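All of these numbers come straight from a predicted model, not from anything done at the bench. All residue numbers in this chain count up from 1 along the given sequence.
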Amino acid sequence: MAGCRGSLCCCCRWCCCCGERETRTPEELTILGETQEEDDEILPRKDYESLDYDRCINDPYLEVLETMDNKKGRRYEAVKWMVVFGIGVCTGLVGLFVDFFVRLFTQLKFGVVQTSVEECSQKGCLALSLLELLGFNLTFVFFASLLVLIEPVAAGSGIPEIKCYLNGVKVPGIVRLRTLLCKVFGVLFSVAGGLFVGKEGPMIHSGAVVGAGLPQFQSISLRKIQFNFPYFRSDRDKRDFVSAGAAAGVAAAFGAPIGGTLFSLEEGSSFWNQGLTWKVLFCSMSATFTLNFFRSGIQFGSWGSFQLPGLLNFGEFKCSDSDKKCHLWTAMDLGFFVVMGVIGGLLGATFNCLNKRLAKYRMRNVHPKPKLVRVLESLLVSLVTTVVVFVASMVLGECRQISSSSQIGNDSSQLQATSEDVNSSIKTFFCPNETYNDMATLFFNPQESAILQLFHQDGTFSPITLALFFVLYFLLACWTYGISVPSGLFVPSLLCGAAFGRLVANVLKSYIGLGHIYSGTFALIGAAAFLGGVVRMTISLTVILIESTNEITYGLPIMITLMVAKWTGDFFSKGIYDIHVGLRGVPLLEWETEVEMDKLRASDIMEPNLTYVYPHTRIQSLVSILRTTVHHAFPVVTENRGNEKEFMKGNQLISNNIKFKKSSILTRAGEQRRRSQSMKSYPSSELRNMCDEHVTSEDPAEKEDLLQQMLERRYTPYPNLYPDQSPSEDWTMEERFRPLTFHGLILRSQLVTLLVRGVCYSESQSSASQPRLSYTEMAEDYPRYPDIHDLDLTLLNPRMIVDVTPYMNPSPFTVSPNTHVSQVFNLFRTMGLRHLPVVNAVGEIVGIITRHNLTYEFLQARLRQHYQTI
């Protein structure tokens, strides 16, 4: 990025990790355009890179285009469709692997412990049963934590990171093979370990990793396994496949291919087209039917009978034939659904607020300590969760009457299967015959079975049991999300919300006398309300829930509930994934800017301090620039120096025209002078990179001001590109910010590749003698390009010259300095740009805009400065 780099300042409610902020007075912060609020947010970090979604139309790429014809284009497209199908199949197989072993370990654990409980209930040795359960859970959670130590980005659900990747941010290590292995095995152990986490969220991350890695046919983790596969060697193709993989993960988790497609569209992908839509939908379908085929065959022994579409199945919602007054829902119920949506939004906002405070506490007190502390925290959460589950199941449950399965009709085999699953997971701890322990039925089962109990169990759950279960599950799930284990949030939120919905149904039935309502519907709406209040998804979540229930009539109540829950929750806080994105300091771009941001223009938010290269540059200058900056792209420019004063002397018309040009064209020096004249124009992060002339008319008393001294600090440019010109302290603003004619952009990775491969020519030769690299050679090291600090300088002749013009992008997207921020934002986000040069009317580059210049926090700071300067 060509913008200046400020210091990283991470602040939270209880502490401030930036010593500078502690030493400034409120007046100084106000002058700098900053404010001290009670809940200071973590500012977006500048060490995150953006993806190169825009194609670099340089000479090597044009040579490839010259060799392309319709036949090769169709073959390329056919290969892409085959790869998309492979991503879907592999994602389905990953889901099958996770589901199989989670079921195996869970059945082993509950089988041993349940047998022990039944024996010890007579002998009085329940402590032994608790120790057995602790042994299983702590062992599984310990393995899950160890895997996260190997690859830290495997922690959590991975959805915030994938959302960032689809938004155009390169999160380090997020789509590596090692991350996939740690994620898959980690979520397997964390779910089997009894933590209140789900495997559906990590499935989305796993699908995205498969989508990123499979088309490359190589891996950083397995360096020896490489195939000569020349396709898809760019961030553009990779991000499309990651979109398909994430959608396939949703489809495999919920059996919702359309919902998965909408998830990729809604939750991040900034660039979208019709062709990508078809490919993503096809990939989602492939994942769904792959998982369905194998799960149905393994579980029912009927291969080819697609009966289990996803990892999480809600079963079929249907009233019993004996109850003629029962309806799934009526128009009168919509009022209750709206109220439940409001309550779900409030509960979700509370959940997010508590989890945010826990995450900040972990960032301050757990993460800086040795990694073993993270493992101990995970084990502590597992210990508390296990004890609460065991004690609540044994002590707090009530014995309830088991409903007769004969009431279930025989007109639906799927309904029969659902009823059998529900009745088989009933727990009868300490209860006489024909009764069951309602608390143990919810706590002492896999979470998917507990959801089915709340959706389809005809027997009643005690309101006290449901309330206690909801409170305990709410608090423990909030504490669990964020520890160092792979963990999803969908299933815990659904289960917690289902308990809330079933509680509402019980109250309406028992105390208000509304006997027509169907408890399963209210449990589903409660699950949707709470999940919507936590994650704030609307379109995709509506379709996912409809596909999971296989009941289109639920479309309207689910949509209304999710909309109300989102609006209510948004009034208090962001969604849980957006909160964790913000805590990581990722510069995420929203869908659009606020209306008042159009008061700003491109010249207000651009970075005028540029580090640039010339079309022909010596190696020593390139090495110096690459080693002393962290920018990822450099404008290719030539200096614009004309003898305009000589022309102005002879002709008044020419003189007037030149004066108009000077008055109407924004220049780097003019913009820098305008910014330097007022301290209000600069946030603290830019004061360190300021350049300014000494003002001779300033009051001597003001020279003692700390902020004024910072503004007057001399700016030392990066090493000059021409060795015979060294920076001078006598340079004026115009000399430091001389006009530069813009010719194109060249990336850091391209410059380093040219140096590594010795692409240069001597001063005594013509630039035509410089070796030429093909497109394949330029992209050979993707995605891990060599680093300039790993370059052996003894192999380079510093006096040699590099002609960068064949490898630069001569036609990148550009904007005028007068372009409104909303136009800049829409262009940057929809086209998936990484750098956006600001070029004036005569072709001079006056600044550059990167992702960090368009973040909400940066625009807000600029808007405050705008208000203070008018």
message: Would Tyr577 and Ser157 count as a side chain to side chain donor-acceptor pair (under 3.5 Å) here? Give the steps.
response: CA-CA 9 Å; Tyr577 299 137; Ser157 67; 4.6 Å; no
Determine, for [X] against [Y], whether the closest basic-nitrogen to carboxylate-oxygen distance falls under 4.0 angstrom.
X: Glu161; Y: Arg584; result: yes
X: Glu448; Y: Lys199; result: yes
X: Arg362; Y: Glu377; result: yes

Tell me if a side-chain donor or acceptor on [X] pairs with a main-chain N or O of [Y] at a distance below 3.5 Å.
X: Arg536; Y: Lys566; result: no
X: His205; Y: Ile174; result: yes
X: Gln447; Y: Phe196; result: no
X: Asn445; Y: Thr441; result: yes
X: Thr568; Y: Ala565; result: no
X: Thr106; Y: Ala192; result: no

Taking distance alone, no hydrogens or angles, what donor-acceptor pairs closer than 3.5 Å link side-chain atoms of residues 380-387 to residues at least two apart or in another chain?
from	atom 1	to	atom 2	distance (Å)
Thr385	OG1	Val381	O	2.7
Thr386	OG1	Asn137	ND2	2.9
Thr386	OG1	Ser382	O	2.7

- prompt: With respect to Cys478, which candidate in Ile576, Leu489, Asn355 satisfies the side-chain contact (heavy atoms from CB on, under 4.5 Å) definition?
  reply: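 By the side-chain contact (heavy atoms from CB on, under 4.5 Å) criterion, Cys478 pairs with just one of Ile576, Leu489, Asn355: Asn355.
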Does any part of the side chain of [Y], heavy atoms only, come nearer than 4.5 Å to the side chain of [X], both counted from C-beta?
X: Val169; Y: Arg851; result: yes
X: Phe455; Y: Leu524; result: yes
X: Phe530; Y: Thr561; result: no
X: Arg374; Y: Ser145; result: no
X: Lys183; Y: Val209; result: no
X: Leu454; Y: Leu442; result: yes
X: Leu188; Y: Phe105; result: yes
X: Val373; Y: Pro370; result: yes

Please tabulate, one pair per line, all N/O donor-acceptor pairs under 3.5 Å involving side-chain atoms of residues 333-354, not counting sequence neighbours.
from	atom 1	to	atom 2	distance (Å)
Asp333	OD2	Thr330	N	3.0
Asp333	OD2	Thr330	OG1	3.3
Thr350	OG1	Leu346	O	2.8
Asn352	ND2	Val534	O	3.1
Asn352	ND2	Lys574	O	3.1

Are there over 12 heavy-atom neighbours, none belonging to [X], within less than 6.0 Å of that residue's [atom1]?
X: Glu592; atom1: CD; value: no
X: Phe143; atom1: CZ; value: no
X: Trp567; atom1: CH2; value: no

Taking every non-hydrogen atom, the tightest pair across [X] and [Y]:
X: Phe469; Y: Ala499; value: CD2-CB, 3.6 Å
X: His580; Y: Ala359; value: CE1-CB, 4.1 Å
X: Gly260; Y: Ala247; value: O-CB, 3.2 Å

query: Parallel, tilted or perpendicular: which fits the ring planes of Tyr473 and Phe443, with parallel below 30° and perpendicular above 60°?
result: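 Tyr473 vs Phe443 ring planes: parallel.
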field: Nearest-0.5 Å distance, CD of residue Glu200 to CG of residue Leu494
entry: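 Those atoms lie 8.0 Å apart.
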task: Kindly write out the residues that satisfy salt bridge (Lys or Arg N to Asp or Glu O under 4.0 Å) with Asp578, not counting sequence neighbours, or none if the list is empty.
output: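 Once residues adjacent in sequence are excluded, the partners of Asp578 under the salt bridge (Lys or Arg N to Asp or Glu O under 4.0 Å) criterion are Lys163.
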Residue pair Ser243 / Ser264, side-chain donor-acceptor N/O under 3.5 Å: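 Ser264 and Ser243 do not have a side-chain donor-acceptor pair below 3.5 Å.
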